[in-house]
S.K.: 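Mind looking over this structure? Questions follow.
All of these numbers come straight from a predicted model, not from anything done at the bench. The sequence lines fix the lettering, A, B, ..., with proteins before strands; numbering per chain opens at 1.
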Number of protein chains: 2
Amino acid sequence: MPVTIRDVARASGVHISTVSRTFSAPHLVNPETRVRVLACAEDLGYRPNRAARALITGRTHNIGLIIADIANPFFPPLIKAAESQARHRDYHVFVADTNEDPTTEEELVHALAKQVDGVLLCSPRMSNSLIEQLSREVPLVVINRQVAGLPCVMMDVGQGARAAVEHLTGLGHRAIGLLGGPRGSWTNREIRRAAGAAARSGGAELTLLGPNPPTVAGGGAQADQVRRSGVTAVLAYNDLLAIGLIEGLDTLGVRVPQEISVVGIDDIALSRLTRPKLTTVATPTGAAGRSAVDMLLQQDTDTPRRGVARSTASGDRRTTAQLMLQTELVIRDSTGPAPAAGRPRAEAAGAGPGPHRLADPGCPSAATGEVVAS
Amino acid sequence: MPVTIRDVARASGVHISTVSRTFSAPHLVNPETRVRVLACAEDLGYRPNRAARALITGRTHNIGLIIADIANPFFPPLIKAAESQARHRDYHVFVADTNEDPTTEEELVHALAKQVDGVLLCSPRMSNSLIEQLSREVPLVVINRQVAGLPCVMMDVGQGARAAVEHLTGLGHRAIGLLGGPRGSWTNREIRRAAGAAARSGGAELTLLGPNPPTVAGGGAQADQVRRSGVTAVLAYNDLLAIGLIEGLDTLGVRVPQEISVVGIDDIALSRLTRPKLTTVATPTGAAGRSAVDMLLQQDTDTPRRGVARSTASGDRRTTAQLMLQTELVIRDSTGPAPAAGRPRAEAAGAGPGPHRLADPGCPSAATGEVVAS
DNA sequence: ATGAAAGCGCTAACAC
DNA sequence: GTGTTAGCGCTTTCAT
């Protein structure tokens with residue numbers, strides 16, 4: 001029932017190879033024939049079968065997008081941007097969810113390898129060496145992680161974490177908690193490193209709390225621990241943890257930011273909508289998705305057709321660009337001055353010091369990319 | 001470089017068809033040969049090329065998922081559930097975003113048709129007749145819309161809207177606003193119909209406000225209009241509109257629920273996290289995604305192999321099941337008793353009537369499905 | 001500029 | 001139980 005190239009050939013009275021050329025190399029076919037063929041194709045509703053085409057060209061015009069957790073609000077904007085960018089370039093996108101499981105990640109790369117021209121690995125939890133190994137099977141672009149020799153798109157969460165900690169020390173906080181994210185997260189390590197350094201130079205002590213699942217529930221579960229720990233401010237691995245923590249603290253009767261300040265990372269849409277509005281580090285997720293697709297398809301264009309060995313990680317690292325996208329601290333209402341001594345407990349409701357607002361850039365301007373390696 | 005069936009055949013000293021059988025009809029091959037072939041395949045890292053296989057079997061083992069807006073938090077849980085269910089059944093999922101544009105929807109169905117075994121059409125904005133027509137090209141399951149003769153998965157938003165309006169009239173509200181959703185939305189029509197009926201029997205007047213883009217911004221933009229309209233309660237097309245409205249009202253100094261009650265629909269994760277927490281109609285999005293995949297693959301299993309004409313909408317409507325999933329009103333803090341006369345404006349902050357809570361089921365129990373047609 | 005023929009990786013009759 | 005053959009829909013030499 002589906003109409004094939006043969007149907008079009010028959011209808012327009014030419015050989016199938018002419019029809020083929022009409023679509024894949026129009027300049028090689030007589031203009032008159034071309035319009036006739038095109039007309040017949042249009043008529044019959046012919047669409048080339050991409051899978052069949054891929055069999056011989058080695059180009060599927062599909063890409064894979066492997067995501068830790070689609071339901072985590074950090075990812076949808078990235079998925080949306082990546083899909084949009086891919087489609088503009090005439091690519092379709094497989095999306096798969098790993099549930100934060102490294103084994104599933106690996107399995108998915110294998111499973112998708114044959115039907116895609118490349119895979120975007122989003123916040124992978126597997127080891128770097130495994131990623132390198134997989135990149136021998138199918139072109140990879142890694143998002144939110146740095147892997148030597150592979151194209152990567154990162155967000156400068158280190159810079160963001162530093163800015164966040166400096167913001168807190170500037171407000172007088174000297175005991176700061178760091179609500180860690182999941183194991184295996186590159187982002188988590190970067191945050192820890194940068195926050196630690198910033199705390200040291202700011203004369204503050206950093207208390208590590210984690211690892212935690214990067215969810216609202218994970219944040220809520222740490223509320224009691226945070227209260228006991230004696231910190232007056234917390235930087236969380238992501239906004240969900242931060243929001244969960246604020247919820248949990250609220251339940252315990254601890255006020256944010258009067259008693260404890262909380263900073264998130266990501267600036268998901270949700271952050272503007274909670275009370276208090278969340279101070280957070282905005283990460284350019286849309287730009288990351290778009291750039292990753294561009295890098296993948298660029299790489300794909302450069303690569304000679306099929307039958308040729310893939311580049312190895314240690315081998316010819318042509319234009320293995322690594323892109324570091326800027327982040328930006330967005331100060332809202334969940335951070336304020338450190339309480340004078342200890343934490344006041346029984347102030348009249350609503351009479352405490354109002355939230356301290358240095359500035360609220362609102363929607364941060366589009367982050368600019370910076371190539372850190374090539 | 002990629003390892004093919006031929007490599008495995010050579011390595012294990014059998015013909016390629018034996019290798020093929022080892023994978024697609026293991027019972028037809030001698031156990032000893034089988035283990036040998038399997039071992040070689042494992043060794044070489046062989047994976048059958050699904051696209052090549054599809055060329056002859058007519059089964060791609062892919063499905064398409066067409067979504068109005070991935071970044072709308074209503075959809076990710078549905079995508080996640082659908083992808084998970086599909087993968088459990090060994091299917092991969094193309095995800096595409098239409099930006100709420102009916103033309104893009106159509107184009108995507110065409111584009112995907114050849115590389116999938118079926119398409120899930122999520123909250124489509126195009127006309128029913130076009131959907132029927134497209135279903136002749138590729139098997140379709142429609143989510144959030146009823147199309148005669150086609151498999152559909154719906155959520156009973158009509159029932160939900162009725163429950164919401166009854167909740168409001170029960171609280172004494174007599175002037176209720178309905179914040180409409182986008183044009184072309186089946187859900188929107190259902191809500192309007194049911195809310196209208198419920199308002200009538202509850203002795204309330206329903207004021208329509210819309211259509212609106214189903215976003216926070218859309219809700220905020222209507223705040224002033226809502227305030228002028230004189231309503232004491234609003235039912236919104238979805239939670240985003242409701243939350244945006246609450247935000248907007250807050251900016252205008254109108255308190256929710258003391259002056260105006262607001263009810264959303266969907267119960268997205270966000271609804272628990274705003275202040276006040278949103279009263280809303282929970283829709284079983286995960287169940288919808290799973291069921292839709294099941295219906296599609298069921299249909300796919302029933303259908304004879306390729307080369308055979310697709311079923312037409314008006315033709316043999318075998319087991320064209322339509323599934324209506326239950327919804328549930330979740331009462332939280334954004335609804336309260338209607339203000340005594342007009343709307344009080346200058347009450348002492350925090351001294352107004354507390355939020356009225358009939359019950360808070362918390363996480364609604366899994367919705368049960370009900371077949372309304374077959 | 002177009003046709004003929006080979007073949008991408010795989011499955012499905014059909015022999016043996 | 002296994003090999004042979006044909007062919008899915010398409011592109012790509014190679015002739016003409």
Side-chain angles (χ1 to χ4, degrees), chain A residues 1-38 40-41 44-62 111 113-117 304-308, chain B residues 1-38 40-41 44-62 111 113-117 304-308:
Chain A
M1 197 58 201
V3 32
T4 81
I5 200 174
R6 232 170 295 268
D7 300 317
V8 180
R10 201 173 309 124
S12 45
V14 295
H15 195 262
I16 61 164
S17 44
T18 302
V19 178
S20 174
R21 275 187 282 261
T22 305
F23 285 93
S24 33
H27 58 281
L28 292 181
V29 57
N30 184 307
E32 295 178 22
T33 331
R34 182 171 31 183
V35 296
R36 187 155 40 92
V37 170
L38 250 20
C40 288
L44 301 175
Y46 169 72
R47 302 248 172 176
N49 182 326
R50 288 174 165 224
R53 178 182 282 179
L55 208 50
I56 191 152
T57 61
R59 289 264 175 279
T60 62
H61 266 246
N62 294 148
K114 287 270 187 25
Q115 21 187 355
V116 300
D117 296 338
R305 288 204 330 280
R306 74 209 186 70
V308 180
Chain B
M1 196 61 199
V3 32
T4 81
I5 199 174
R6 231 171 296 268
D7 300 318
V8 179
R10 201 173 309 124
S12 45
V14 296
H15 195 262
I16 61 164
S17 48
T18 303
V19 178
S20 173
R21 274 188 283 261
T22 305
F23 286 93
S24 33
H27 57 280
L28 292 182
V29 56
N30 184 308
E32 295 177 21
T33 332
R34 184 172 29 183
V35 296
R36 187 155 40 93
V37 170
L38 251 19
C40 290
L44 301 173
Y46 169 73
R47 302 248 172 176
N49 182 326
R50 289 174 165 222
R53 179 183 279 178
L55 209 50
I56 191 153
T57 61
R59 289 266 175 277
T60 63
H61 266 246
N62 295 147
K114 287 267 185 32
Q115 14 188 1
V116 299
D117 296 338
R305 288 205 327 284
R306 74 207 186 73
V308 181

S.K.: Of the nucleotides D:dT12, C:dT11, C:dT2, which one has an atom closest to the side chain of A:T18?
M.R.: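 The answer is C:dT2, which lies nearest to the side chain.
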
S.K.: Measure CD/B:Q115 against P/D:dC10 and give the value in whole Å, please.
M.R.: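 Whole-Å distance recorded here is 12 Å.
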
S.K.: Between C1' on C:dT2 and CG on A:N30, what's the gap in Å once rounded to a whole number?
M.R.: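 Whole-Å distance recorded here is 10 Å.
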
S.K.: Over how many whole Å does the gap from A:L55 atom CG to D:dG9 atom P extend?
M.R.: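 Distance, rounded to whole Å: 12 Å.
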
S.K.: Using a 4.0 Å heavy-atom cut-off, does B:Y46 contact any base of the nucleic acid, only the sugar-phosphate backbone, or nothing at all?
M.R.: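 Sugar-phosphate contact only.
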
S.K.: Given 3.5 Å as the limit, does a donor-acceptor pair link the side chain of A:S24 with the main chain of A:S20, or not?
M.R.: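 At least one qualifying donor-acceptor pair exists.
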
S.K.: If you compare every side-chain N and O of A:S20 against the phosphate oxygens of D:dT11 (OP1, OP2), does one of them come in below 4.0 Å?
M.R.: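 The answer is yes; a side-chain N or O of A:S20 sits under 4.0 Å from OP1 or OP2.
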
S.K.: From CD1 of A:I16 over to P of C:dT2, roughly how many Å is that when rounded to an integer?
M.R.: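 Atom CD1 in A:I16 sits about 15 Å away from atom P in C:dT2.
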
S.K.: Which part of the nucleic acid, if any, lies within contact of A:S17, taking any heavy atom under 4.0 Å across all strands shown: a base, the sugar-phosphate backbone alone, or nothing?
M.R.: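 Since a base atom lies under 4.0 Å of A:S17, the category is base.
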
S.K.: Looking at B:T33, does any N or O in its side chain come under 4.0 Å of the phosphate oxygens OP1/OP2 on D:dT2?
M.R.: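 Yes, such a contact exists.
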
S.K.: Would A:R47 and A:F23 count as a side chain to side chain contact (heavy atoms under 4.5 Å, CB included) if you check the C-alpha gap in whole Å, the side-chain angles of each, and the deciding distance to 0.1 Å?
M.R.: CA-CA 10 Å; A:R47 302 248 172 176; A:F23 285 93; over 6 Å; no

S.K.: Enumerate donor-acceptor pairs with a distance under 3.5 Å from any side-chain N or O in residues 28-35 of chain B to protein atoms, sequence neighbours excluded.
M.R.:
residue	atom	partner	partner atom	Å
B:N30	OD1	B:E32	N	2.7
B:T33	OG1	B:N30	O	3.4
B:R34	NH1	B:P26	O	3.3

S.K.: When you match B:K114 and B:P31 each to their closest nucleotide on DNA chain D, which lands nearer the 5' end?
M.R.: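 Looking at DNA chain D, the more 5' nearest nucleotide goes with B:P31.
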
S.K.: Starting at CZ of B:R53 and ending at P of C:dC8, how long is that distance when rounded to a whole Å?
M.R.: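 After rounding, the gap between these two atoms is 18 Å.
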
S.K.: Within the side chain of B:D117, is there an N or O that forms a donor-acceptor pair under 3.5 Å with the backbone of B:T60?
M.R.: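 Yes: the side chain of B:D117 pairs with the backbone of B:T60.
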
S.K.: Give the intermediate values and the outcome of side chain to side chain contact (heavy atoms under 4.5 Å, CB included) for residues B:V37 and B:V8.
M.R.: CA-CA 7 Å; B:V37 170; B:V8 179; 4.1 Å; yes

S.K.: Distances under 3.5 Å only, N/O to N/O: pair up the protein atoms with those of nucleotides 14-16 of chain D.
M.R.:
none

S.K.: Consider the side chain of A:V14, meaning its heavy atoms from C-beta on, and name the nucleotide among D:dG3, C:dG3, C:dC10 that approaches it most closely.
M.R.: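 Of the options given, the side chain of A:V14 lies nearest C:dG3.
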
S.K.: Mind calculating the distance between CD (A:E32) and C1' (C:dT2) to the nearest angstrom?
M.R.: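 Answer to the nearest Å: 14 Å.
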
S.K.: As a quick check of understanding, evaluate side chain to side chain contact (heavy atoms under 4.5 Å, CB included) for B:D7 and B:Y46, giving each step before the final call.
M.R.: CA-CA 9 Å; B:D7 300 318; B:Y46 169 73; over 6 Å; no

S.K.: Nearest-Å distance, CZ (A:R6) to P (D:dC10)?
M.R.: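 Result: 8 Å.
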
S.K.: Of the non-hydrogen atoms in B:V3 and B:G45, which two are nearest, and what is the gap between them?
M.R.: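 Nearest heavy atoms, B:V3 then B:G45: CG1-O, 3.7 Å.
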
S.K.: Which nucleotide sits closest to the side chain of A:H15: C:dC10, D:dC10, C:dA5?
M.R.: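 When the side chain of A:H15 is considered, C:dA5 is the closest of C:dC10, D:dC10, C:dA5.
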
S.K.: Find the distance B:R50:CZ to D:dC8:P and express it as a whole number of Å.
M.R.: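 One finds 23 Å between P of D:dC8 and CZ of B:R50, rounded.
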
